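Predicted model, so just to flag it, every value in this text is computed and none were measured.
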Amino acid sequence: MRLSSYFMPTLKENPSEAQITSHRLMLRAGLIRQTSAGIYIWLPLGLRVMRKIEQIVREEQDRAGAQEILMPTIQPAELWQESGRYDAYGKEMLRITDRHDREMLYGPTNEEMVTDLFRNNVKSYKDLPKMLYHIQWKFRDEIRPRFGIMRGREFLMKDNYSFDIDADAGRISYNKMYVAYLRTFARLGLVAIPVRADTGAIGGDLSHEFQILAETGESTLYYDKEIENFDLASLTGEIDMQTIEKLQSLYAMEEEKHDPETCPVASGDLRTAKGIEVGHIFFFGTKYSDSMNAKVTGADGNLVPVEMGSYGVGVSRLVGALIEANHDDNGIIWPEVVAPYKVGLINLRTKDDHCTKACDDIYQKLSALGIEVLYDDRDIGAGGKFADMDLVGLPWQLIVGPRGLEKNLVELKNRATGDREELSLEDAISRLS
RNA sequence: CGGGGAGUGGCGCAGCCUGGUAGCGCACCUGUUUUGGGUACAGGGGGUCGCAAGUUCGAAUCUUGUCUCCCCGACCA
């Protein structure tokens, strides 16, 4: 992509409304723009990052045996009246009336809808287990949206729902998602600690939140320091049951679940930290299948309510969380797996025909190799290009100017380490492929 | 919802107290210059001051109402 024609409105100064780093950088690097409190437009660069995160989440869901569907954002109130949550949910639910005076709502989550789908179409234990997920926009009318995308009112969430014949099978589905989450966050290069959590409005007795440690986090965590021995950011391979059991046996609690009186961990071994909740998994059994009459015929011929769980990942929130975890004073530092482009090609002298020719040539070669390149071919000063490229945070910068070209050299800069290397054109291209 | 702060060109801000129809930096456009970390100079375009009502000869400035945004708290799949 040529920057001269790309929509990437960067800001030199910090917008006054943004307090935390990720919010500031998302505005400054041209990832998002706010339209009203907690509601944002995703600009090209931000959308590319979100799509990449979404894809990693999707791949791990599929790998765990879940099947992707797409449910609507607008739901009929009847389903929620049936489960009893229409009244229970309160003002966080955005209620809408259509032209026929029918009560509708913008979905904050989809348990009711997916339970309805299930009961209408699945009748036998032979069709179980099933896991159905979608990646869809949600709306929660938060009392106070804040921190940019991190606590927005509209947000993109992956939510998966499991259906099993009994509680034991349900626990297996739960653990499959537990593993999928460990792998998902590890692939994103994040250390996400699974902590036991309150089940809140969802209900049930088993729940883990996946928390990324960050000072700007809204949750408070207490955990056994032994958890730090797990290399959580590296769990991208097969994860055996032993690891799961060990990890789940260690003390790790979200604030509401932590009780200093009964905590078994010695105070010297107890860590406390702030965390950003990026995932939350629940096993709630028959809470919805009972109230909504979602039953299947068991092997013995009797009808039994299905055992269910639900599993959420805050996809849009992860964009912010990744920035909180990966930045410096100059801007964002994207991990390569989610970077909007892999390489930023900087033409230091667009008016120099030789230099521009060389850059055009590199751009074509890299593009032909399938490498995502953001090519700064704008007619502005070198300083601005360096500053923008650092701000936007692409993993590699390929800096090309007349001075180096005289010696047939270009400069390759690693955004994360700041290391620079002078290479021949050919070597630079092969290093990036 | 309780407490606090703020709405003046795209962004950051000054002006408001002591009313006289708007200013600075950045960004933008033109030209020259410069070019390896936001180059310099000159010229230029753009706002009626969140909205409404009121006071006044006259309101960005005073009064009242209202909307929006931000921060702290409560809240929170």
Side-chain angles (χ1 to χ4, degrees), chain A residues 9-20 23-24 27-28 30 33-39 85 88-93 107-112 138-148 150-153 155 157-161 197-204 207-211 217-220 254-256 276-284 287 309-315 317 329-331 346-352 355 376 378-391 397-407 409-411 413 418 420 422:
Chain A
T10 56
L11 303 171
K12 205 167 180 177
E13 295 178 84
N14 283 321
S16 60
E17 78 262 23
Q19 301 297 317
I20 66 166
H23 190 194
R24 277 205 306 268
L27 290 166
R28 285 193 51 204
R33 285 293 181 267
Q34 180 169 325
T35 68
S36 53
I39 304 180
R85 285 208 293 181
Y89 222 92
K91 288 187 174 171
E92 281 206 4
M93 180 184 282
T109 175
N110 288 67
E111 278 81 9
E112 283 80 358
K138 305 288 187 292
F139 193 93
R140 288 183 204 152
D141 202 356
E142 297 283 349
I143 297 172
R144 186 156 88 85
R146 63 183 116 178
F147 304 145
M150 302 276 265
R151 180 170 287 287
R153 292 194 290 174
F155 56 97
M157 178 163 120
K158 183 283 300 177
D159 41 324
N160 181 26
Y161 303 89
D198 203 52
T199 50
I202 298 292
S207 171
H208 284 89
E209 287 178 356
F210 288 75
Q211 296 272 358
E218 293 186 272
S219 312
T220 304
E254 203 272 326
E255 192 167 25
E256 275 88 54
I276 299 168
E277 180 191 349
V278 290
H280 200 161
I281 60 178
F282 298 88
F283 177 66
F284 47 73
K287 177 177 157 98
S310 71
Y311 316 90
V313 169
V315 175
R317 177 180 284 181
D329 288 345
N330 294 323
I346 298 180
N347 181 350
L348 286 174
R349 196 83 61 87
T350 53
K351 285 187 171 137
D352 180 313
C355 185
D376 194 345
R378 295 175 298 176
D379 183 21
I380 62 167
K385 296 190 179 188
F386 289 129
D388 267 352
M389 208 51 93
D390 281 349
L391 175 63
Q397 294 175 14
L398 192 53
I399 302 159
V400 181
R403 208 159 79 190
L405 285 177
E406 281 176 20
K407 296 170 285 180
L409 293 176
V410 295
E411 188 178 309
K413 176 182 161 185
R420 300 151 179 279
E422 293 224 296

Rounded to whole angstrom, note down the P distance from B/G3 over to B/A59. 34 Å
Round to a whole Å and report the spacing from CD of A/Glu255 to P of B/C75. 11 Å
With a 4.0 Å limit, can you tell me whether A/Lys12 has a side-chain N or O closer than that to the phosphate oxygens OP1/OP2 of B/A27? yes
Value in whole Å for how far the P atom of B/G38 lies from CG of A/Asp376: 15 Å
With rounding to whole Å, what would you report as the distance between B/C17 and B/G4 at their P atoms? 24 Å
How many Å lie between CD on A/Glu92 and P on B/A74, as a whole number? 15 Å
A/Arg33: what forms a salt bridge (Lys or Arg N to Asp or Glu O under 4.0 Å) with it, not counting sequence neighbours? none
Starting at atom OH of A/Tyr89, determine the distance to atom P of B/C75, rounded to an integer number of angstrom. 16 Å
Starting at NZ of A/Lys413, measure out to CG of A/Leu398 and round the result to the nearest 0.5 Å. 12.5 Å
Which whole number of Å gives the distance between the C1' atom of B/G38 and that of B/G12? 16 Å
Taking A/Arg317 for its side chain and A/Phe155 for its backbone only, find out whether a donor-acceptor pair lies under 3.5 Å. no
Contact nearer the 5' end of RNA chain B, comparing A/Gly38 with A/Asp388: A/Asp388
Whole-angstrom distance between B/G20 and B/C11, as gauged at atom P: 27 Å
Which nucleotides of nucleotides 1-9 of chain B have their base under 4.0 Å from a protein heavy atom (B), which only their sugar-phosphate (S), and which neither (-), written as one string 5' to 3'? B--------
Non-neighbouring partners of A/Glu142 that pass salt bridge (Lys or Arg N to Asp or Glu O under 4.0 Å), sequence neighbours left out: A/Arg151
Re B/C17: Watson-Crick or G-U wobble partner, both distances kept under 3.5 Å, found to be none
Between B/C70 atom C1' and A/Phe147 atom CZ, what is the distance in whole Å? 12 Å
If you check the A/Ala387 side chain, which of B/G38, B/C11, B/C71 turns out closest? B/G38
Nucleotide forming a Watson-Crick or wobble pair with B/A42, both distances under 3.5 Å: B/U30
For B/A74, the Watson-Crick or wobble partner whose two distances fall under 3.5 Å: none
Looking at residues at least two apart in the chain, or sitting in another chain, which of them share a salt bridge (Lys or Arg N to Asp or Glu O under 4.0 Å) with A/Asp329? none
Residue mapping more 5' on RNA chain B - nearest nucleotide basis, A/Gly148 or A/Asn330: A/Asn330
Rounded distance (Å) that lies between atom C1' of B/C75 and atom CD of A/Glu277: 14 Å
Partners meeting side-chain hydrogen bond (donor to acceptor under 3.5 Å, both in side chains) with A/Gln34 (sequence neighbours left out): A/Tyr40
Could you work out the separation of B/A60 and B/G50 based on their P atoms and round it to a whole Å? 10 Å
Watson-Crick or G-U wobble partner for B/U63, using a 3.5 Å limit on both distances? B/A53
Quick one: list whatever passes ring pair (Phe, Tyr, Trp, His ring centres under 6.0 Å) with A/Phe139, sequence neighbours left out. A/Tyr106
Would you say A/Gln211 and A/Ser219 are linked by a side-chain donor-acceptor pair, where the criterion is simply a distance under 3.5 Å? yes
On a heavy-atom basis, the closest approach of A/Leu391 and A/Thr10 is CD2-CB, 4.1 Å
Restricting to side-chain contact (heavy atoms from CB on, under 4.5 Å), what partner residues turn up for A/Gln19, sequence neighbours left out? none
A/Leu405 to A/Cys355 - nearest heavy-atom pair and separation: CD1-CA, 3.6 Å
Using the C1' atom as the point on both nucleotides, what is the distance between B/C16 and B/G7, in whole Å? 14 Å
Polar atom pairs between nucleotides 66-69 of chain B and protein, under 3.5 Å, N or O only, would you list them?
| residue | atom | partner | partner atom | Å |
| --- | --- | --- | --- | --- |
| B/C69 | OP1 | A/Ala37 | N | 2.9 |
| B/C69 | O3' | A/Gln34 | NE2 | 3.2 |

Can you list everything that forms a salt bridge (Lys or Arg N to Asp or Glu O under 4.0 Å) with A/Arg378? Sequence neighbours excluded, please. A/Asp376, A/Asp388
Can you check the distance between B/U48 and B/U21, where both ends of the measurement are the C1' atom (answer in whole Å)? 8 Å
For A/Glu254 and B/C76, what is the distance between atoms CD and P respectively, to the nearest whole Å? 11 Å
Nearest-nucleotide pick for A/Ser16, side chain only, options being B/C71, B/C75, B/C13: B/C13
Going 5' to 3' through nucleotides 31-36 of chain B, assign each nucleotide B (protein heavy atom under 4.0 Å from a base atom), S (under 4.0 Å only from sugar-phosphate atoms) or - (no protein heavy atom that close). ----BB
Under a 3.5 Å limit for both distances, which nucleotide forms a Watson-Crick or G-U wobble pair with B/A6, could you say? B/U68
Interatomic distance at P, B/A40 relative to B/G25, whole Å: 13 Å
Which part of the nucleic acid, if any, lies within contact of A/Glu209, taking any heavy atom under 4.0 Å across all strands shown: a base, the sugar-phosphate backbone alone, or nothing? nothing
Which residues pass the ring pair (Phe, Tyr, Trp, His ring centres under 6.0 Å) test with A/Tyr161, sequence neighbours left out? none
Counting only distance, no hydrogens or angles, is the base of B/G12 paired donor-acceptor with the side chain of A/Asn14 under 3.5 Å? no
Once you round it to whole Å, what is the distance between C1' of B/G25 and CG of A/Leu11? 15 Å
Apply ring pair (Phe, Tyr, Trp, His ring centres under 6.0 Å) to A/His280 and list each qualifying residue two or more places apart in sequence or on a separate chain. A/Phe282
